[in-house]
Amino acid sequence: ILVTLLFLATFLFVLESARRGGKRGGLAALPLLQVVWVNCQGLAPLGLALVACYGVGAALAADPERRLLRPLALALGACLLASFATPYGLAAVRLPGELLARITPGHHNVFSTAIAENVPPFVLGRTSPEATSHLRLVLVVLAASLALLRPRLHPAHALALTAFGALALMANRNVILFYWLLAPLAAIALGPAAAQRLAALRPARFPIGLRTGALRAGLAVVLAGELGLASVALAREAPIGAPTPFHFPTESARLLAARGAAGPVFAPDHEGGFLRFSVPALRPYIDTRLILHTASEYEDYLALFDDPARFDRLDAREHFAYVVLTTAYPDLYLPLVAHLAASPGWKLLYTDGSEVLFGREGAVVGLADRATVDALAASLDRRYAGLPDARATARLHLARLLVVVGQPAGALRVLGQVDSRPAAELRARCHLAAGDVAGAEGLARLLLHDRPDDVRSLTLLAETSLARAAAGDARQYLGQALAADPYDPEARAVLARLEQKGSPSLGAP
């Protein structure tokens with residue numbers, strides 16, 4: 001994507017230089033840039049789209065800008081021909097269309113509904129509002145600026161913003177492309193209009209020197225603040241050579257490399273590339289190059305997490321030597337973890353709570369053994385010494401794994417040193433998993449007392465009601481939970497279980 005951002009900026013610079021300064025010579029460089037772009041990244045047709053926007057803009061403009069129409073048309077045709085200059089022929093030309101089809105919104109499109117970055121931003125905002133709230137704010141500020149300043153928006157700019165805005169609304173992965181063009185084009189449109197408004201202020205109160213100086217000082221303060229925030233954010237990040245904690249199976253990869261592992265291995269798609277990079281001899285069943293898979297293949301892959309028995313049939317065909325899974329981000333893989341932990345054909349070779357490694361042969365990590373669990377918890381404390389938040393998160397992951405494999409007592413011991421609301425919620429789950437319904441219900445009510453609209457606590461109370469065969473109470477709690485968050489996945493899953501048992505629907509959306 002960084003390559004695409006670089007080429008988009010270069011195309012925009014050349015096109016805008018030609019439009020504003022009449023520098024047509026730069027247009028001859030666009031086909032050469034297109035050759036490089038098309039051999040780097042599947043979003044190369046965005047360059048064609050940008051040239052087309054400026055071509056239409058020139059056709060709608062008056063002289064002398066209309067004279068650019070012919071050079072822009074020639075540049076567009078040359079860029080189109082340049083798109084064929086790859087070792088892959090027509091397959092490379094078809095690829096962008098196939099990628100566009102993958103992000104086309106619709107319930108029938110598994111690549112749009114099941115891949116987080118392909119979900120439309122305002123759909124993703126239902127369950128992860130923090131991930132897309134910025135887009136809503138940007139659109140509101142943009143609309144207000146256009147309404148107040150009423151700039152003369154060039155047709156080429158309007159077309160480009162509309163096209164890239166449409167891509168952003170199709171899939172949240174495209175929001176960065178929209179922002180990348182919005183910044184310069186909005187500055188070009190709004191800058192002169194804002195300057196005119198500034199000049200219209202009464203000179204007696206605001207001398208022109210003061211106004212100009214204040215504007216420059218304000219911009220300097222904003223830039224310095226942005227750089228300061230970026231520096232703080234960078235300082236809080238892990239070293240560039242260390243993957244984000246809990247997201248990738250780093251320890252499993254090291255162990256597999258030490259064992260000289262090779263051949264087929266099963267892992268979630270987002271881990272397949274990591275394992276292939278870390279241990280080149282491994283052959284992951286799937287990775288995030290999903291363009292190599294059909295929709296039905298991807299649907300079958302996702303289905304085995306809901307029905308782990310499907311994995312046994314896949315394993316019989318593929319003969320996996322190892323299985324690597326994570327327990328979080330997302331927690332989709334937990335049923336398969338429980339299935340493999342109970343399977344006599346697989347052995348748990350390694351876990352730290354956030355990742356698990358299963359194999360055919362080797363020493364088993366016994367999660368039913370108290371000493372083993374205590375040793376795992378102690379190793380996490382050492383690994384994250386000096387990082388209290390990471391240490392607490394690591395213990396939460398280990399405790400959740402223990403609940404999943406049927407060891408709630410061990411999970412409660414691991415949580416003994418963690419004092420947080422998520423830990424209290426997990427303790428309540430431990431009590432429920434151990435059959436202590438009253439203990440789970442008591443903790444849930446305490447949590448609900450502090451936060452009456454807490455969806456997780458309301459859902460847990462619904463589950464305890466189901467355990468007591470009190471379907472009416474369960475419906476009441478689920479109704480409150482779904483009123484607070486109609487799209488909460490856990491509450492909707494409990495609702496589905498309730499309806500399967502023959503209870504009437506709550507009328508949830």
Side-chain angles (χ1 to χ4, degrees), residues 5 8-24 46-47 49-69 71-72 120-122 125 132-170 172 174-226:
L5 296 180
L8 272 179
T10 306
F11 267 63
L12 182 62
F13 176 78
V14 171
L15 291 167
E16 195 63 20
S17 298
R19 184 187 74 83
R20 295 171 64 89
K23 299 177 181 178
R24 305 180 187 180
L46 294 179
L50 208 52
V51 177
C53 288
Y54 274 78
V56 174
L60 297 175
D63 287 329
E65 190 176 333
R66 187 173 293 180
R67 297 173 185 172
L68 280 175
L69 180 57
L72 285 169
F122 294 131
T132 59
S133 57
H134 52 84
L135 177 61
R136 194 183 305 274
L137 177 62
V138 166
L139 293 177
V140 169
V141 171
L142 176 63
S145 301
L146 294 175
L148 292 173
L149 299 176
R150 295 189 294 276
R152 186 177 179 182
L153 198 61
H154 192 275
H157 298 170
L159 285 170
L161 290 177
T162 300
F164 281 80
L167 284 175
L169 294 177
M170 288 177 66
N172 69 87
N174 295 329
V175 171
I176 188 175
L177 301 175
F178 175 59
Y179 286 174
W180 192 247
L181 282 189
L182 174 62
L185 295 184
I188 292 170
L190 299 175
Q196 290 176 4
R197 289 295 181 95
L198 189 63
L201 296 174
R202 285 186 293 175
R205 292 185 58 188
F206 301 97
I208 186 64
L210 179 59
R211 282 175 277 161
T212 303
L215 180 61
R216 291 176 176 173
L219 291 175
V221 169
V222 170
L223 179 59
E226 184 176 358

Exercise. Decide if atom CZ of F13 counts as having more than 12 heavy atoms of other residues, nucleotides or ligands within a radius under 6.0 Å.
Key: no

Quiz item: Does the side chain of F178 reach to within under 4.5 Å of the side chain of L139, using non-hydrogen atoms?
Solution: yes

Practice problem: Give, for atom CG of L167 and atom CG of L181, the distance between the pair rounded to the nearest 0.5 Å. | Solution: 10.0 Å

Quiz item: When rounded to the nearest 0.5 angstrom, what distance separates CG in L60 from CG in L159?
Solution: 7.5 Å

Quiz item: Does atom CZ of R66 have more than 12 heavy-atom neighbours from other groups under 6.0 Å away?
Solution: yes

Quiz item: Where is the tightest heavy-atom contact between L68 and R24, given as atom of each residue plus distance?
Solution: CD2-CG, 3.6 Å

Exercise. Would you mind telling me which of E65, E16, R20 makes a side chain to side chain donor-acceptor pair (under 3.5 Å) with H154?
Key: E65

Quiz item: Looking at CG of L169 and CG of N174, how far apart are the two atoms once the value is rounded to the nearest 0.5 Å?
Solution: 10.0 Å

Quiz item: If you look at every heavy atom in I176 and L5, which pair is closest and at what distance?
Solution: CD1-CD1, 4.0 Å

Quiz item: Nearest heavy-atom pair of L135 and V175: which atoms, and what distance?
Solution: CD2-CG2, 4.1 Å

Exercise. For residues A187 and P192, report the shortest heavy-atom separation together with the two atoms involved.
Key: O-CD, 4.0 Å

Quiz item: How would you list, by chain and number, every residue that makes a ring pair (Phe, Tyr, Trp, His ring centres under 6.0 Å) with F164, sequence neighbours excluded?
Solution: none

